[in-house]
2 protein chains.
Amino acid sequence: MEATAADEFMQEAIEEARTGLAEGGIPIGAVLVIDGKIVGRGHNRRVQKGSAVLHAEMDCLENAGRLKPADYRRAVLYSTLSPCDMCSGAVLLYKIPKVVIGEHRTFQGAEEYLRSRGVDLVILDDPECLRLMQEFIAANPALWYEDIGEE
Amino acid sequence: MEATAADEFMQEAIEEARTGLAEGGIPIGAVLVIDGKIVGRGHNRRVQKGSAVLHAEMDCLENAGRLKPADYRRAVLYSTLSPCDMCSGAVLLYKIPKVVIGEHRTFQGAEEYLRSRGVDLVILDDPECLRLMQEFIAANPALWYEDIGEE
């Protein structure tokens, strides 16, 4: 049952990634789930908003709005890609206990550190998440490296 | 000379904090400095924008816009308060090598972790930064705890 729920919410994160791609952006999406319901969704907005901070996970948290500290503590964050240092830091700030990751072959963020701080990580190794990123990076390497602060 | 420059830029961060306070927000400010010039400035926007992600440092990075990876690597981030896990993560994402912190008595973020990742931290222990936060928290404890994800 849990695998089915993870798949369902990851599909919503993938929809966000596709929306971002259709807007000319980087195809990474995220949803925040509390008590089995999506309370926020978002996608990377670097291109669309000229944003340096709105990675998919951050956009999702922003769109979820101001939640109570207790709400985050029973939330699950779904992201199509392994969260970077910034997005991992947001998970830690709000004490989100679980992150479901679409894939971490393209990029692996602060997974070890998240685990060391008690966050439960589930890696789905989803082929669609991987395909979206690999096609995008092949076509837009500079944009991708800008997004992860690499030269 | 360095202390003087740090003071000058911290004064600008304090100005941002005061602007936030005047707007009814949480009085934390930040500026990003590259090659001795301020390239971005910001303040906490939780109240003003209903934002869960625009801590002062994030607002500052957002307002600085899309910079090149190489630009961040010679930047200094000034913040009136010790950066939380999220803002520390943003520093790590962009490989900002130095953070100047107004005070860390009110709240101490991921300082040890930042140092372990090679970031140079300077703590000014500035009385005005401290006064702004202590007066604010005494008057608005729930808002402050929401901002740091604590119950």
Side-chain angles (χ1 to χ4, degrees), chain A residues 26 32 39-40 42 44-73 75 83-97 107 109-110 112-114 116-117 119 142-151, chain B residues 26 32 39-40 42 44-73 75 83-97 107 109-110 112-114 116-117 119 142-151:
Chain A
I26 303 173
L32 187 70
V39 299
N44 188 297
R45 310 264 185 180
R46 178 170 296 273
V47 172
Q48 297 93 318
K49 289 193 174 180
S51 175
V53 308
L54 291 176
H55 276 190
E57 300 90 330
M58 305 298 285
D59 189 51
C60 171
L61 291 171
E62 185 71 336
N63 291 337
R66 289 172 56 183
L67 304 178
K68 293 176 183 165
D71 293 333
Y72 292 110
R73 294 183 191 200
C84 78
D85 281 312
M86 173 176 68
C87 299
S88 298
V91 167
L92 294 170
L93 166 64
Y94 288 121
K95 300 177 181 61
I96 296 171
F107 173 81
E112 191 180 342
Y113 182 57
L114 283 173
S116 79
R117 297 275 303 265
V119 181
L143 186 51
W144 164 244
Y145 286 116
E146 178 190 325
D147 201 53
I148 55 170
E150 296 284 352
E151 291 182 277
Chain B
I26 303 173
L32 186 70
V39 299
N44 188 298
R45 309 263 185 180
R46 178 170 296 272
V47 173
Q48 298 92 320
K49 289 193 173 180
S51 176
V53 307
L54 291 176
H55 277 188
E57 300 91 329
M58 305 298 286
D59 189 52
C60 172
L61 291 170
E62 186 70 337
N63 291 337
R66 289 172 55 184
L67 304 178
K68 294 176 182 165
D71 292 334
Y72 292 111
R73 293 182 191 201
C84 78
D85 281 312
M86 173 177 68
C87 299
S88 297
V91 166
L92 294 170
L93 166 64
Y94 287 121
K95 300 175 181 62
I96 295 171
F107 173 82
E112 190 181 342
Y113 183 57
L114 283 173
S116 79
R117 295 277 302 266
V119 180
L143 187 51
W144 164 242
Y145 286 116
E146 179 191 324
D147 202 53
I148 55 169
E150 297 284 353
E151 292 181 275

Between A:D147 and chain B, with a heavy-atom cut-off of 4.5 Å, which part of the residue counts as in contact: side chain, backbone, both or neither?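 Backbone of A:D147 only, per the 4.5 Å heavy-atom cut-off to chain B.
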
Tell me, for A:S88 versus chain B, whether the close heavy atoms (under 4.5 Å) come from the side chain, the backbone, both or neither.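 For A:S88, no heavy atom lies under 4.5 Å from chain B.
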
Counterpart residues, side-chain contact (heavy atoms from CB on, under 4.5 Å), relative to B:E151 (two or more places apart):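 In terms of side-chain contact (heavy atoms from CB on, under 4.5 Å), with neighbours along the sequence ignored, B:E151 is linked to A:P69, A:A70, A:R73.
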
Please name all residues satisfying side-chain contact (heavy atoms from CB on, under 4.5 Å) with B:V47, sequence neighbours left out, ordered by chain then number.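 Listed in chain order: A:R66, B:L143.
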
Begin from the C-alpha positions of A:V119 and A:L92 and carry the test side chain to side chain contact (heavy atoms under 4.5 Å, CB included) through to its verdict. CA-CA 8 Å; A:V119 181; A:L92 294 170; 3.9 Å; yes

Hey, what do you get for [atom1] ([X]) to [atom2] ([Y]), rounding to the nearest 0.5 Å?
X     : Y     : atom1 : atom2 : result
B:I26 : B:Q48 : CD1   : CD    : 8.0 Å
A:H55 : A:D85 : NE2   : CG    : 10.5 Å
B:N44 : B:R46 : CG    : CZ    : 6.5 Å

Where does B:R117 contact chain A at under 4.5 Å (heavy atoms): side chain, backbone, both or neither?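 Contact with chain A involves the side chain of B:R117 alone.
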
Quick check on B:Y113 against chain A: is it the side chain, the backbone, both or neither that has a heavy atom closer than 4.5 Å?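 B:Y113 touches chain A through side-chain heavy atoms alone.
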
Return the set of residues passing side chain to side chain donor-acceptor pair (under 3.5 Å) with B:Y72 (not counting sequence neighbours), or none when no residue passes.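 Testing B:Y72 for side chain to side chain donor-acceptor pair (under 3.5 Å), a comparison that skips the adjacent residues, returns none.
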
Contact listing (chain B partner; residues 56-63 of chain A; heavy atom under 4.5 Å):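 Only A:M58, A:L61, A:E62 of residues 56-63 of chain A have a heavy atom under 4.5 Å from chain B.
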
Can you check side chain to side chain contact (heavy atoms under 4.5 Å, CB included) on B:L32 and B:L67, steps first, answer last? CA-CA 11 Å; B:L32 186 70; B:L67 304 178; 3.9 Å; yes

